[in-house]
Number of protein chains: 2
Amino acid sequence: MTLDPDVLRALADPMRARIVELLAGEALCTCHLVEETGAKQANVSNHLKVLREAGLVDAEPCGRFTYYRLRPDALRRVADSLSTLADTASAQSLTRRPC
Amino acid sequence: MTLDPDVLRALADPMRARIVELLAGEALCTCHLVEETGAKQANVSNHLKVLREAGLVDAEPCGRFTYYRLRPDALRRVADSLSTLADTASAQSLTRRPC
DNA sequence: ACGATACATCAGCCTCTGCTGATGAGTGCA
DNA sequence: TGCACTCATCAGCAGAGGCTGATGTATCGT
């Protein structure tokens with residue numbers, strides 16, 4: 001299992017991480033996120049685009065609103081890749097390649 | 001469990017992700033990583049500094065060499081935070097705050 | 001039909017960050 | 001002691017990415 005740079009990069013930004021944490025609790029539309037984060041609308045929209053393209057978030061148009069929903073499977077994939085990496089590291093913690 | 005931006009940012013870079021994957025198999029010194037990645041020595045050294053400051057890697061000076069070892073606990077912490085975030089998202093997948 | 005609202009996109013600016021060549025410190029070998 | 005090697009750090013540069021104001025599109029209420 002190899003690490004996905006796009007997903008990790010999307011999660012690495014503090015504002016996007018905050019959005020992900022907010023969306024973990026409930027589905028929210030952009031105006032909610034603008035209100036919660038205090039950021040400008042264009043800024044939030046840009047971050048949501050990054051999260052969407054990384055596959056971390058689904059957009060659900062609903063009238064003139066757009067609800068955003070977190071994709072737990074995407075989060076779980078990253079968690080698994082990091083977990084298995086930690087496991088292999090633990091297993092070979094004493095191995096050291098000679099110079 | 002909140003997401004650690006420093007650790008995620010450290011993992012988000014492709015070259016650093018590659019270094020982490022290499023270190024998951026065995027402890028390596030900088031010259032090994034320079035050889036494996038094909039990057040310049042200064043570049044690798046900078047990436048290792050970022051990984052070190054994020055707590056993802058331990059440096060073990062050994063004569064004129066410096067061995068780097070992955071810290072599985074740090075990796076597991078990120079994995080757990082992402083996993084619990086995925087769990088809470090799954091549990092409340094139908095909740096939607098009204099506009 | 002018109003105004004208000006929600007959202008996306010764009011161009012411009014600015015900061016951050018990764019890459020490189022050069023230099024310096026520390027270590028081991030002849 | 002002198003030389004080669006490993007590694008860290010620095011200054012400089014170039015590219016990426018985040019923030020903002022402005023504009024465009026679509027939808028709802030009156």
Side-chain angles (χ1 to χ4, degrees), chain A residues 3-23 26-70 96-99, chain B residues 3-23 26-70 96-99:
Chain A
L3 299 177
D4 186 330
D6 291 331
V7 177
L8 286 171
R9 204 186 64 78
L11 290 170
D13 183 86
M15 176 73 70
R16 286 195 290 266
R18 172 126 182 75
I19 291 177
V20 165
E21 288 171 1
L22 287 168
L23 290 180
E26 50 182 340
L28 298 170
C29 56
T30 312
C31 56
H32 287 145
L33 293 169
V34 169
E35 188 181 358
E36 293 278 352
T37 60
K40 300 296 178 75
Q41 180 265 325
N43 192 11
V44 172
S45 196
N46 275 326
H47 284 309
L48 285 171
K49 181 179 184 179
V50 174
L51 291 172
R52 211 184 319 134
E53 290 176 347
L56 281 166
V57 145
D58 265 344
E60 304 176 5
C62 177
R64 55 176 163 168
F65 305 107
T66 303
Y67 274 91
Y68 281 90
R69 187 179 299 283
L70 196 58
R96 169 191 284 202
R97 184 190 302 185
C99 265
Chain B
L3 299 176
D4 187 330
D6 291 332
V7 177
L8 286 171
R9 207 187 63 76
L11 290 171
D13 183 85
M15 176 72 70
R16 286 196 290 266
R18 172 128 183 74
I19 291 176
V20 166
E21 289 171 0
L22 287 167
L23 291 180
E26 51 183 340
L28 298 170
C29 57
T30 311
C31 57
H32 288 145
L33 293 169
V34 170
E35 189 181 357
E36 293 278 349
T37 61
K40 300 295 178 74
Q41 181 266 326
N43 192 11
V44 172
S45 196
N46 275 326
H47 284 308
L48 286 171
K49 182 180 185 179
V50 174
L51 291 171
R52 212 184 317 133
E53 290 177 346
L56 280 166
V57 146
D58 266 344
E60 303 176 4
C62 178
R64 58 176 162 166
F65 304 108
T66 303
Y67 274 91
Y68 282 91
R69 189 177 300 280
L70 195 56
R96 167 192 285 201
R97 183 190 302 186
C99 265

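Convention: sequence-line order gives letters A, B, ...; per-chain numbering from 1.
Residue B/Val50 is the one, among B/Val50 and B/Lys40, whose nearest nucleotide of DNA chain C lies closer to the 5' end (criterion: closest heavy atom). Mapping A/Cys99 and A/His47 onto DNA chain D by nearest heavy atom places A/Cys99 at the nucleotide closer to the 5' end.
Contact check for B/Leu8 versus B/Asp4: no side-chain heavy atoms found under the 4.5 Å cut-off. For the pair B/Tyr68/B/His32, no side-chain contact is recorded, criterion being any heavy-atom separation below 4.5 Å from C-beta on. Using a 4.5 Å heavy-atom cutoff, the side chains of A/Leu56 and A/Leu23 are not in contact. Side chains of A/Asp6 and A/Glu53 form no contact here, defined as non-hydrogen atoms less than 4.5 Å apart. B/His47 is not listed as a side-chain neighbour of B/Arg18, based on a closest heavy-atom distance of 4.5 Å or more. Residues A/Cys62 and A/Cys29 fail the side-chain proximity criterion, which asks for heavy atoms closer than 4.5 Å.
Residue A/Asn46 has its side chain nearest to D/dT20 when only D/dT20, D/dG18, D/dA8 are considered. For A/Arg64, counting side-chain heavy atoms from C-beta on, the closest listed nucleotide (D/dC28, D/dG18, D/dT6) is D/dC28.
Between the P atom of D/dT9 and the CG atom of B/Asn43 lies a distance of 14 Å, rounded to the nearest Å. Atom CD in A/Gln41 sits about 12 Å away from atom C1' in D/dT25, given to the nearest Å. The NE2-P distance, from B/His32 to D/dC5, rounds to 16 Å in whole Å. For the pair A/Asp13 CG and D/dA16 P, the interatomic distance rounds to 18 Å; values are reported in whole Å. Atom CZ in A/Phe65 sits about 13 Å away from atom P in D/dT27, given to the nearest Å. Atom-to-atom, CD of B/Glu53 to C1' of D/dT9 comes out at 12 Å; the value is rounded to the nearest Å.
Among the heavy atoms of the strands lying under 4.0 Å from B/Tyr68 are primed sugar atoms or P, OP1, OP2 only; no base atom is included. Across all strands shown, B/Ser45 has heavy atoms under 4.0 Å from base atoms, whether or not it also approaches the sugar-phosphate.
The environment of A/Glu60 atom CD is dense: over 12 non-hydrogen atoms of other residues, nucleotides or ligands sit within 6.0 angstrom.
Think of the region where chain A sits on DNA chain C: with heavy atoms and a 4.0 Å cut, that region ends 5' and 3' at C/dT5 to C/dT9.
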